[in-house]
Amino acid sequence: MPRRTSRPQAERTLELATDTPACPACGRALWAANKPHRTVVTLEGLLRLRLQVRSCRNPDCPRYKVCLRPEREGRFALPQHEFGLDVIALVGRLRHAEHRSVPEIHAELARRGVPICPRSVANLLDRYDELLALSCSDPARLRAITAKAGRVILAIDGLQPDVGHEVLWVIREVLCGEVLLARSLLSSCRDDLAKLLTEAKAAIGVPIAGVISDGQHSIRDAVAATLPGVPHQICQSHYLREAARPVYEADRHAKVALKKAVRGIRPIERQLRGRDDAEATATRGYCAAVRSALTDDGRPPLQASGLKLHDRLAKVARSLDRVAGKRGPRRS
Ligand SMILES: [Zn+2]
């Protein structure tokens, strides 16, 4: 049944770009190809993904005009799916570990605020079963995916909807975006992950050029143990987010302090009411500039809101100083 009501606005937006700036085939710089967005229903609410898709513009390259989507996109949802992998992981666990029926699972998802209809629950259950059926017992499928590129870059993600329960481990190939292997494990210890990676490695049949993960210690250890010498890239957005946390906090405080310093625009505007001389017009312009600076948010972590506000206010202040300079010494 098609949806009868419009979906509410996404609560979070995430900008994702490809981690690699260079073409995986020829090594030349990748160019921006397009910027699609998609909305994913996750256990934490609606998530809007803005994606920077890149492609190679070298006509002699085997990946000429082949789109490379952000490596992290697959962590959130399967291609073309509206429900997140975390929702699929939860549905699978409720069914197989807790033996709940579809109506019961639907009730549980509704309790957690996931907008879903019972039929979609049944679909997600099918997706979960399909994922786990993607075992290495079908090497032909894996080889078909990997043979063309001649090498693979693996992304490994663990989805754990609830602490203390099973983790759905998903290994993807990032150049083509396909899921290679998925397994539900009770633990996330190094040895279990190492076993999974060994299985994947044996089935892939081409060299593994790199691994991407969120850098959890057990993953790092497992990769180091099973794929010695293979570069392991910790997801740049995780990395950046962690590194930016103290900066973000400091910036937030700075912004609050700055805002306090420019209070009182409204009284000035009120005083100007009814005047349309040059001075009043100019003053109104300054008030508008300050007001718009206050509402112009940055895009953390790379464009901090507080710093942006500081820049804009500094420009206003410099302009005021210039005006004061032209007027000569201030009359008091
Ligand atoms: Zn290329």
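Counting convention: from 1, in listed order, for ligands and their atoms alike.
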Please determine whether a side-chain nitrogen of the Lys or Arg among [X] and [Y] lies less than 4.0 Å from a carboxylate oxygen of the Asp or Glu.
X	Y	result
D157	R172	yes
D162	R112	yes
R50	E15	yes

(message) Set out, in order, the CA-CA distance, both residues' side-chain angles and the distance that settles salt bridge (Lys or Arg N to Asp or Glu O under 4.0 Å) for R275 and E279, then state yes or no.
(response) CA-CA 9 Å; R275 279 176 57 185; E279 186 180 272; 3.3 Å; yes

(message) Suppose the cut-off is 2.8 Å; how many protein N/O/S atoms fall inside it around the Zn ion (ligand 1)?
(response)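 Considering protein N, O and S only, the Zn ion (ligand 1) has 4 within range.
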
(request) Could you pull out the closest heavy-atom pair between N58 and C26, with the gap in Å? (result)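 Of all heavy-atom pairs spanning N58 and C26, the closest is ND2-SG, 3.6 Å.
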
(message) Rounded at 0.5 Å granularity, tell me how far CG in L124 sits from CD1 in I105.
(response)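 Here the interatomic distance stands at 9.5 Å.
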
